[in-house]
2 protein chains.
Amino acid sequence: MVIAKKQINKENLLAQGVQLLMNQGYHGTGLKEILDAVQVPKGSFYNYFPSKESYAAEVIQHYIEPFIQQFDGYLQQPGLDGLSALESYFNELIFGLEAAEFKGGCLLGNLMGEIGDTSELCRKSLQLAVYRYQSLLAVGLKKGQTEGRIRLDKSPEDMAALLVNAWQGAMLRMKIEQSVEPLKKCIKDLLGDYFRL
Amino acid sequence: MVIAKKQINKENLLAQGVQLLMNQGYHGTGLKEILDAVQVPKGSFYNYFPSKESYAAEVIQHYIEPFIQQFDGYLQQPGLDGLSALESYFNELIFGLEAAEFKGGCLLGNLMGEIGDTSELCRKSLQLAVYRYQSLLAVGLKKGQTEGRIRLDKSPEDMAALLVNAWQGAMLRMKIEQSVEPLKKCIKDLLGDYFRL
DNA sequence: GTTAAAAAAACGACCAGTCGTCTTATTTTG
DNA sequence: CAAAATAAGACGACTGGTCGTTTTTTTAAC
């Protein structure tokens with residue numbers, strides 16, 4: 001099958017884009033670098049994507065999916081309450097970022113800052129990705145509320161928004177401090193204190 | 001005096017750099033664009049700065065100064081307690097960002113994401129700028145503590161760090177939502193609730 | 001007239017995107 | 001069914017232009 005090969009190429013392009021765009025940014029990454037890495041000829045790129053901008057918009061969606069799956073895994077785990085699921089999930093993230101030596105951070109945060117208000121296409125894609133992510137975190141927080149572990153006087157959505165925002169900021173701090181300490185403090189402040197019943 | 005002209009040129013370059021780097025990012029802004037804007041010939045750039053990277057590192061410091069002055073103004077204002085100083089300051093920021101139609105956001109946040117872990121020079125500059133800013137916010141929080149308006153069981157430094165992080169995240173959200181709502185919620189959650197006694 | 005600062009010109013490398021060409025599928029026709 | 005016609009996909013060379021930086025020339029200061 002040739003159609004399969006095409007899907008594989010596209011998948012490879014997206015996966016490589018996640019890595020390169022996260023580490024070097026949108027304007028800091030050339031198409032050639034991406035194409036060389038996945039051994040796709042320059043001329044073929046535009047058979048897969050109409051433009052670099054549209055490609056980046058797809059990369060954004062491709063990036064967030066695993067995170068949603070990962071947290072959803074914790075959420076579905078029987079015998080694990082919502083608050084513990086959140087804690088376990090973020091601890092795993094922190095562990096991974098430490099192992100990766102704080103490289104890259106979050107593609108969403110990086111691109112929001114770099115092109116969040118200059119590329120309409122990417123802005124919409126970022127909006128959707130963050131919304132999906134935040135909504136899922138809100139589910140975990142709501143579960144924690146019904147289980148009596150999380151305060152009830154704040155809406156899950158509002159708490160999720162604060163959690164996402166503080167986490168994004170902590171990721172930026174991680175990058176310049178070269179340490180996961182900001183991440184740990186962020187989770188401790190919110191999940192370990194502010195959100196707690 | 002010719003030395004004065006040189007200082008003016010350098011100042012103009014830095015001021016223009018703040019605007020362009022904030023709105024378009026590091027890799028998204030060419031030297032030519034900056035130089036054209038302040039009418040400095042391209043060949044002259046390296047009489048002012050050794051490299052683009054070093055220039056950006058200086059732009060970062062040039063960016064944060066007014067914010068420090070602005071908040072310090074509120075802090076010095078007699079009859080204004082620490083918590084109110086923080087609230088007034090951030091409300092003024094929000095007002096300004098709304099008037100500017102959410103453009104740019106925060107140079108520090110944007111550059112932390114884009115080049116915070118690829119340019120060592122800028123990393124150090126960002127580190128210093130954030131540290132200075134956060135320390136000043138901590139002074140305001142500490143003042144609020146002695147005045148009995150802010151909780152005492154958390155250190156001013158830790159609260160300032162959380163405030164900076166959440167604010168950075170809220171700025172990113174502002175850019176993609178094209179709304180100051182995230183900023184308002186961020187300040188309300190932290191200054192209006194979590195930090196309060 | 002000598003020295004140092006300023007600016008023009010030039011540098012190779014790279015940018016996103018397009019070109020015509022060649023190869024492979026798909027469809028049409030007998 | 002097979003052969004011919006057509007369309008779609010793959011591809012590397014190339015486009016004009018811009019990148020950050022360096023070299024060379026011009027200008028200004030003393």
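Note that the coordinates shown come from a computational prediction; the quantities given were computed from them, not determined experimentally. Per chain, numbering begins at 1; letters A, B, ... match sequence-line order.
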| request: Give a yes or no on whether a donor-acceptor pair under 3.5 Å exists between the nucleobase atoms of D:dG20, that is its base, and the side chain of B:K42. | output: yes
| task | Assess the pair B:F67 and B:F71: is the distance between their ring centroids shorter than 6.0 Å? | result | no
| field | Atom-to-atom span, CG of B:N47 to P of C:dA8 - whole angstrom | value | 12 Å
| task | Would you kindly give the OH-to-C1' distance between A:Y46 and D:dC14, to the nearest whole Å? | result | 14 Å
| said: With a 4.0 Å cutoff (strictly under), does any side-chain N or O of B:S44 reach OP1 or OP2 of C:dA6? | reply: no
| task | In whole angstrom, give the distance that lies between atom NZ of B:K52 and atom P of D:dT22. | result | 15 Å
| note | Of A:P50 and A:G28, the one whose closest nucleotide on DNA chain C sits nearer the 5' end is A:G28
| task | Let me see the working for A:D158 and B:K185 under salt bridge (charged side-chain N to carboxylate O under 4.0 Å, His left out), right down to the final yes or no. | result | CA-CA 8 Å; A:D158 282 359; B:K185 277 187 175 166; 3.4 Å; yes
| said: Once salt bridge (Lys or Arg N to Asp or Glu O under 4.0 Å) is applied, do any residues pair with B:K184, and if so which ones, sequence neighbours excluded? | reply: none
| request: Could you state the atom-to-atom distance from CG of B:L35 to P of D:dC19 in whole Å? | output: 10 Å
| request: Look at B:K32 and D:dT18 and indicate whether a side-chain polar atom (N or O) is within less than 4.0 Å of OP1 or OP2. | output: no
| note | note: B:Y48, atom OH; D:dT21, atom C1'; distance rounded to Å ~ 17 Å
| For B:F45, which contact category applies under a 4.0 Å heavy-atom criterion: base, sugar-phosphate, or nothing? | nothing
| request: Take atom CD1 of A:I34 and atom P of C:dC15, then tell me their distance rounded to the nearest Å. | output: 10 Å
| message | Between B:D117 and A:R173 (salt bridge meaning N to carboxylate O under 4.0 Å), is one present in this structure? | response | no
| message | Please report the distance, rounded to the nearest Å, between CG in B:L31 and P in D:dT22. | response | 12 Å
| In whole angstrom, what separates B:Y55's OH from D:dT21's P? | 13 Å
